[in-house]
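I have a structure here, written as structure tokens, and I will follow up with some questions on it.
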Amino acid sequence: MTAPKPRSVSVTEMTEYVLPQHANPFGTVFGGQIMAWVDLCAAICAQRHSGRLCVTAFVDDLHFRQPVRVGEVVRLRAHIAATFRTSMEIAVSVTGENTLTGASWPTVDCRMTFVAMGEGFHPTPVPPLLLHTPAERADQTAAEERRQLRLAKR
Ligand SMILES: CC(C)(COP(=O)(O)OP(=O)(O)OC[C@H]1O[C@@H](n2cnc3c(N)ncnc32)[C@H](O)[C@@H]1OP(=O)(O)O)[C@@H](O)C(=O)NCCC(=O)NCCS
């Protein structure tokens with residue numbers, strides 16, 4: 001089995017400047033664009049942890065809480081919440097930012113499941129996550145319950 005890895009090595013942050021091509025007719029970021037950035041940020045996090053190319057297996061509910069306008073900034077942060085055998089739960093938080101005023105606001109929080117792919121495009125085991133704190137252990141336990149619900153939907 002591969003050596004366990006701490007969460008810190010795979011934390012992934014992205015910053016995107018919102019341009020007109022990212023916007024809907026209201027001048028706010030198109031939801032599909034946010035979803036694409038979330039998917040990319042989470043994929044990089046999953047690949048940093050596993051050291052493998054990964055595919056998206058499941059996306060939990062997405063709730064778009066507040067919009068981000070053209071000329072503002074979208075910040076994304078992904079961390080690994082839990083590992084299973086070949087899959088990982090990644091938590092992504094998205095924040096809007098106005099660089100002129102310094103204001104920032106929550107936009108989306110999302111959890112995604114990625115599967116690490118090995119030879120022949122088959123799922124392959126991932127390193128376990130080092131769980132240092134009670135909060136990290138609680139996150140792993142809660143993720144195991146969420147995983148059962150996701151698998152029940154297959
Ligand atoms: C995700 C995928 C690899 C799973 O393949 P599979 O034949 O079901 O393989 P397995 O049954 O061995 O499952 C592999 C892992 O995926 C997990 N998984 C599969 N479906 C899942 C779902 N709906 N939700 C959460 N986890 C899921 C399994 O629990 C398992 O994880 P584990 O080893 O940690 O327990 C396959 O369904 C696939 O390739 N889907 C398309 C992915 C894709 O194209 N994504 C978009 C572009 S990246």
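All heavy atoms count here, side chains included; hydrogens, waters and symmetry mates do not. Remember, it's 1-based here, ligands and their atoms both numbered in the order they're listed. Just so you know, these numbers come straight off a predicted model, no measurement behind them.
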Considering only heavy atoms of Ala57, which atoms of ligand 1 have at least one such atom less than 4.0 Å away?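 Per the distance check, 1 (C).
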
In one Ile/Leu/Val/Met/Phe/Trp/Tyr side-chain cluster, 4.5 Å: Val70, Val94
yes

* To do: Answer with side chain, backbone, both or neither: which part of Thr86 has a heavy atom less than 4.0 angstrom from an atom of ligand 1?
  =>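 Under 4.0 Å from ligand 1, Thr86 contributes backbone and side-chain atoms.
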
NE2 (His49) and NZ (Lys5) are apart, to the nearest 0.5 Å, by 6.0 Å

Can you check whether Glu16 reaches Leu40 side chain to side chain, under 4.5 Å on heavy atoms?
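With C-beta onward as the side chain, the pair stays apart.
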
Would Arg154 count as being in polar contact with ligand 1, using the rule that some N or O on each side must be under 3.5 angstrom apart?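 Yes; the residue has a nitrogen or oxygen that sits under 3.5 Å from a nitrogen or oxygen of the ligand.
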
| message | So, taking the atom named CD in Glu97 and the one named CH2 in Trp105, what distance separates them when rounded to the nearest 0.5 Å? | response |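 Answer rounded to 0.5 Å: 8.0 Å.
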
Notebook entry, point to check: Looking at atom 41 (C) of ligand 1, would you say a protein heavy atom lies below 4.0 Å from it?
Noted result: no

What residue and heavy atom of the protein are closest to atom 39 (O) of ligand 1, and at what distance?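 Answer, as residue, atom name and distance: Phe121 CE2, 4.2 Å.
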
### Query
Where on Thr113 is there a heavy atom closer than 4.0 Å to ligand 1, on the side chain, on the backbone, on both, or on neither?
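Answer for Thr113: side chain.
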
(Q) Under 4.0 Å from atom 6 (P) of ligand 1, is there at least one protein heavy atom? (A)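 No, no protein heavy atom sits under 4.0 Å from atom 6 (P) of ligand 1.
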
Between Val59 and Ile34, is there shared hydrophobic-cluster membership here, with clusters defined by ILVMFWY side-chain heavy atoms closer than 4.5 Å?
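They do share one cluster, since a chain of ILVMFWY contacts under 4.5 Å joins Val59 to Ile34.
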
Among Ala43, Ala82, Ser87, closest by heavy atom to atom 31 (O) of ligand 1 is Ser87

inquiry  = Could you check whether atom 10 (P) of ligand 1 has a protein contact, counting only heavy atoms that fall below 4.0 angstrom?
reply    = no

Min over Arg147, His122, Arg146 of heavy-atom distance to atom 35 (O) of ligand 1 lands on Arg147

closest protein heavy atom to atom 28 (C) of ligand 1 is Leu151 CD2, 4.3 Å

Are any of the side-chain heavy atoms of Ile90 and Ile80 separated by less than 4.5 Å? yes

| About how many Å separate CG of Leu151 and CZ of Arg147, when rounded to the nearest 0.5 Å? |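 Here the rounded value is 5.0 Å.
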
### Message
Between Gln140 and Glu144, does the side-chain hydrogen bond (donor to acceptor under 3.5 Å, both in side chains) criterion hold? Intermediate values first, please.
### Response
CA-CA 6 Å; Gln140 173 80 33; Glu144 279 161 11; 3.0 Å; yes

What protein heavy atom lies closest to atom 38 (C) of ligand 1? Include the residue and the distance to one decimal.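 Going atom by atom, the protein heavy atom closest to atom 38 (C) of ligand 1 ends up being Val55 CG2, 4.7 Å.
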
TODO: Might you check, step by step, whether the distance between atom 2 (C) of ligand 1 and some protein heavy atom is under 4.0 Å?
DONE: no

Is it the side chain, the backbone, both or neither of Phe84 that has a heavy atom closer than 4.0 Å to ligand 1?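 For Phe84, the contact with ligand 1 is made by both the backbone and the side chain.
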
Residues Thr107 and Gly96: closest non-hydrogen pair is OG1-N, 3.3 Å

Quiz item: Within the structure, does Arg150 bring an N/O atom to less than 3.5 angstrom of an N/O atom in ligand 1?
Solution: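 No, no N or O pair falls under 3.5 Å.
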
To check your reading of the model: name the closest protein heavy atom to atom 17 (C) of ligand 1, its residue, and the distance in Å.
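Going atom by atom, the protein heavy atom closest to atom 17 (C) of ligand 1 ends up being Val115 CG2, 4.1 Å.
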
Measure from atom 44 (O) of ligand 1 to the protein's non-hydrogen atoms and state whether any distance is below 4.0 Å. no

| Per atom 12 (O) of ligand 1, closest listed option by heavy atom (Pro125, Ala116, Pro123) |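 Answer by nearest heavy atom: Pro123.
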
Please list the nearest protein heavy atom to atom 24 (N) of ligand 1 with its residue and the distance rounded to 0.1 Å.
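Nearest protein contact, heavy atoms only, for atom 24 (N) of ligand 1 is Phe58 CB, 3.5 Å.
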
Is the shortest distance from atom 47 (C) of ligand 1 to a protein heavy atom below 4.0 Å?
->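 No, no protein heavy atom sits under 4.0 Å from atom 47 (C) of ligand 1.
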
Rounded to the nearest 0.5 Å, the OG atom of Ser93 sits from the CZ atom of Arg77 at a distance of 7.0 Å

Hey, is atom 15 (C) of ligand 1 under 4.0 Å from any protein heavy atom? yes

Tell me whether the count of non-hydrogen atoms from other residues, nucleotides or ligands lying under 6.0 Å of OH in Tyr17 goes above 12. no

Between the CG atom in Asp139 and the OG1 atom in Thr133, the distance rounded to the nearest 0.5 Å is 8.5 Å

Can you check whether Val55 reaches Met117 side chain to side chain, under 4.5 Å on heavy atoms?
yes

- Does the protein put a heavy atom less than 4.0 Å from atom 19 (C) of ligand 1?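 Yes, because at least one protein heavy atom sits under 4.0 Å from atom 19 (C) of ligand 1.
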
